[in-house]
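These notes concern the structure reproduced below.
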Amino acid sequence: MADNVTPRVRVPRDATAGEEITIKTLISHPMESGQRKDGDGNVIPRSIINRFTCTFNGETVIDVTLEPAISTNPYFEFQAIVPESGTFEFTWYDDDGAVYTDSKDITVG
Amino acid sequence: MAFGSALAAVMPFRAFAAVEDNIAAFTGGAAVGSEGITLIAPEIAENGNTVPIEVNAPGAEAIIVFAAGNPTPSVATFNFGPMAASQSAATRIRLAGTQDVVAIARMPDGSFVQASQEVKVTIGGCGG
Amino acid sequence: GNWGKLAAQQALSQSDLLQFDTFGNVSLIHITDIHAQLKPIWFREPQINLGVGSNKGAVPHITGADFRKLYGIEDGSASHYALSYDDFTALGQAYGKMGGMDRVATVVNSIRADRPDALLLDGGDTWHGSYTCYKTEGQDVVNIMNLLKPDAMTFHWEFTLGSDRVRDIVSDLPFAALGQNIFDAEWDEPAEDFQPYQFFERGGVKIAVIGQAFPYMPIANPGWMFPEYSFGIRDQRMQEMVDEVRGQGAELVVCLSHNGFDVDKKMAERVTGIDVILAGHTHDALPEPVLIGETIVVASGSNGKFVSRVDLDVRDGRMMGFRHKLIPIFSDVIAPNAEVAAAIDAERAPFLDELTEVIGKTADDTLLYRRGNFNGSWDDLICDALIQERDADISMSPGVRWGPSIMPGQDITREDIWNVTSMTYPNAYRTEMTGEFIHTIMEDVADNLFNTDPYYQQGGDMVRVGGMGYSIDVSKPIGQRVTDMTLLRTGEAIDPAKTYVVAGWASVNEGTEGPPIWDVVENHIRNLGTVQVKPNTSVKVSGA
Ligand SMILES: [Mn+2]
Ligand SMILES: [Mn+2]
């Protein structure tokens with residue numbers, strides 16, 4: 001299991017009804033590609049985040065499949081519609097079975 | 001100049017046959033157009049291990065990204081849901097040398113469009 | 001001899017050098033790439049500075065007699081000496097050293113006497129390039145430049161002080177630290193420590209100065225020293241910034257740039273609404289601005305040799321005309337400003353013994369210089385030092401454009417050595433490379449210089465090579481430029497499969513090991529006593 005995996009997200013606190021907002025996410029993770037070798041010449045096993053999803057009030061914004069070519073500390077930026085107040089849920093799925101989550105509430109005023 | 005050890009990353013690569021197979025697997029061999037998709041990537045990567053890219057294909061269901069010169073070309077697939085405000089996304093990718101980055105979008109009518117851009121990965125000049 | 005020197009200097013006067021018919025309502029003063037040269041220096045301009053693609057044969061890629069012919073400069077004149085390379089030694093005897101920030105202060109003050117609210121803009125590569133700058137982490141240059149009261153600055157080598165130190169200095173700067181292309185690498189947002197632009201109200205004109213830092217910082221310099229930042233040209237954002245400042249009422253838009261001249265020309269073609277680009281990084285000195293569309297591009301040299309004055313007539317929100325002068329800082333003719341001179345000496349005082357120690361001298365037939373696309377005698381000497389002191393087959397020295405010259409028959413002091421080697425990643429590595437890999441390096445660096453698209457050019461010169469000759473066709477694409485690589489020691493062709501011992505310095509890789517380059521060069525010069533560098537004929541150039 002990768003150590004110190006910490007997700008961070010940037011979502012505006014509030015929006016107007018129907019506003020299109022930009023979301024940025026980062027998760028600290030080595031994204032070990034499975035192609036590197038250690039000092040003894042042994043292949044370091046692959047260990048990556050392989051899927052990332054963002055939903056708003058249960059409906060999908062984006063669902064990403066990640067391959068080992070995604071950089072260390074995977075970063076995503078995308079746009080979401082905010083028709084009403086609610087909650088963004090962010091989920092990262094690790095090769096090792098671990099699941100990391102974060103959520104952000106947004107208020108439509 | 002980055003001379004020294006970390007040099008393997010700059011050997012020039014040509015597109016491998018692998019990327020053609022990967023593209024065919026996504027498109028099912030369908031013809032691929034070039035309108036309605038943009039791919040933004042730097043001309044020169046500041047760091048081949050973390051190259052910012054941005055894809056945008058209005059109306060697309062999904063966009064798949066390949067690094068044509070990587071030993072394993074697949075990079076990511078973005079599937080857009082009903083709450084996506086645009087069919088666009090940005091991320092950071094690893095490039096093993098100067099090569100083309102390719103983005104292909106699958107549209108709701110089953111058609112495909114493609115954009116590509118060459119990104120130069122260099123060991124660097126020196127400067128004034 | 002002395003007679004010539006007297007005659008030449010009598011022909012020059014401070015008032016002539018500063019003479020300027022004040023024009024319009026705004027004055028800009030531009031200085032750039034001083035590389036921490038606070039004292040007057042010798043500095044020979046390049047003999048070879050090839051342009052490619054649409055810049056082939058265009059300024060600044062014109063040198064020597066062709067350059068003088070283009071600008072109507074008389075052979076043997078002061079401008080010949082200041083702006084071209086040939087007869088440098090003889091003309092140097094007549095006209096003396098150039099630069100010195102105390103002389104620059106005199107020029108700046110004189111312009112401000114004409115136009116009290118003139119803007120002084122520093123294009124960067126300021127806090128780098130000398131012994132004292134290294135030892136004080138840039139503080140000596142910061143202190144001296146503050147006395148000149150700049151209004152804004154942008155950046156390149158400054159970042160090699162490390163981002164903590166840069167933020168430290170910037171937080172105390174009494175003027176604007178600008179860079180619209182300096183981004184926070186983590187979140188891809190404009191970095192908070194640097195503003196994209198600054199507004200000034202001068203001569204009743206609303207002026208916006210937009211900063212453009214060196215775009216390729218993490219490639220040309222060690223990115224691990226400033227990992228929080230990302231750069232790039234970002235010309236789309238430049239357009240947004242221009243539109244934004246115009247929207248806020250800017251009547252004059254000035255871009256203080258460290259792109260390099262050809263990159264600036266391309267940016268001027270792609271971004272509309274910039275009136276003046278003050279160009280830096282490529283160290284070109286041009287007697288006239290180059291006009292691209294409605295943008296003028298001004299190039300003000302390096303190492304403190306020149307200051308540009310640009311007077312502008314701005315009316316009804318438009319630049320209606322300009323008058324320009326590239327002022328050469330002849331140090332024997334322009335009187336030093338006493339306050340700045342004393343401050344420079346005070347900065348140097350704690351280091352004076354180390355600075356002035358004589359390590360060796362140049363032979364009567366040897367001028368040490370650096371500028372030129374392929375060779376410089378200074379670099380030839382450094383490459384020899386690396387081969388001798390590090391017991392290598394081949395040596396490599398970065399093709400940087402800073403570093404003063406040393407006249408024939410002159411003492412070489414420790415300060416002189418540091419002036420061409422000072423940097424924060426000085427370790428002289430020793431490693432093995434295959435012939436194929438050496439070729440890859442040569443091609444890679446050549447493409448950073450000779451790619452026909454300026455946006456792929458990084459503004460340095462070709463890596464200097466010792467122990468190996470080669471041919472280069474600059475008109476070819478990457479992978480095909482460099483041929484006939486030959487090990488000079490044996491005369492044999494470089495074998496792609498064979499391994500060679502390569503010594504070099506200025507690696508951008510973290511953890512590079514080896515003695516600092518200044519020690520390597522100092523030992524070598526000490527051993528030689530008198531340094532003689534033979535003309536270098538090991539690089540054969542074609543396609544120019
Ligand atoms: Mn410079
Ligand atoms: Mn520079």
Side-chain angles (χ1 to χ4, degrees), chain B residues 1-16 38-56 65 68-69 75-76 78 86 88-101 115-128, chain C residues 33 125 156-157 185 188 214-223 230-233 258 260 280-284 302 396-402 429 431 433 436-437 440-441 443-445 447-449 451 453 455-463 478-479 502 504-509 511-512:
Chain B
M1 292 183 296
F3 308 165
S5 55
L7 294 170
V10 300
M11 305 301 276
F13 284 84
R14 284 291 130 226
F16 292 88
T38 53
L39 166 68
I40 300 173
E43 287 96 348
I44 305 179
E46 288 189 348
N47 175 352
N49 285 322
T50 173
V51 180
I53 63 153
E54 189 182 327
V55 292
N56 183 16
V65 177
V75 174
F78 301 93
S86 64
S88 68
T91 188
R92 295 171 186 151
I93 71 174
R94 293 169 170 155
L95 296 179
T98 298
Q99 57 180 284
D100 285 335
V101 177
S116 72
Q117 185 183 324
E118 187 181 52
V119 177
K120 182 173 170 182
V121 178
T122 171
I123 51 174
C126 300
Chain C
D33 293 272
D125 278 354
H156 171 193
W157 276 88
D188 194 35
F214 179 52
Y216 301 117
M217 209 91 70
I219 305 168
N221 304 97
S230 169
F231 300 85
I233 298 172
H258 204 92
H281 181 59
T282 38
H283 292 199
D284 316 293
S302 72
M396 294 184 176
S397 188
V400 295
R401 294 185 168 192
W402 41 269
Y429 61 83
T431 190
M433 294 182 188
E436 182 184 11
F437 194 69
T440 300
I441 291 175
E443 289 285 354
D444 196 78
V445 179
D447 196 60
N448 292 331
L449 180 56
N451 193 302
D453 181 344
Y455 275 15
Y456 287 85
Q457 296 171 8
Q458 293 174 25
D461 284 310
M462 191 61 189
V463 55
I478 189 168
V502 178
W505 64 289
S507 167
V508 300
N509 294 331
T512 299

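Note that the structure is a prediction, hence the values are computed from the model and not measured. The sequence lines fix the lettering, A, B, ..., with proteins before strands; numbering per chain opens at 1.
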**OP:** Against chain B, label C:Ser230 side chain, backbone, both or neither, depending on which of its atoms sit under 4.5 Å from a heavy atom there.
**Re:** both

Subject >> Contacting region of C:Tyr455 [heavy-atom separation from chain B under 4.5 Å] >> reply: both

Original post:
What part of C:Pro222 is in contact with chain B, defined as an atom under 4.5 angstrom from a non-hydrogen atom: side chain, backbone, both or neither?
Top reply: neither

**OP:** Taking the side chain as every heavy atom from C-beta outward, state whether B:Val65 and B:Val101 have any pair of such atoms under 4.5 Å apart.
**Re:** yes

Subject >> Residue among C:Phe214, C:Trp157, C:Trp402 satisfying ring-ring contact (aromatic ring centres under 6.0 Å, His included) with C:His281 >> reply: C:Phe214

Subject >> Heavy-atom proximity to chain C below 4.5 Å, by part of B:Ala45 >> reply: backbone

Original post:
Do B:Thr91 and B:Phe78 touch side chain to side chain, with heavy atoms closer than 4.5 Å?
Top reply: yes

Original post:
Under 3.5 Å, is there a donor-acceptor pair linking the side chains of C:His156 and C:Asn221?
Top reply: yes

Subject >> Region of C:Asp453 that comes under 4.5 Å of a non-hydrogen atom in chain B >> reply: neither

Original post:
With a 3.5 Å cut-off and no angle check, do the side chains of B:Thr122 and C:Asn448 form a donor-acceptor pair?
Top reply: yes

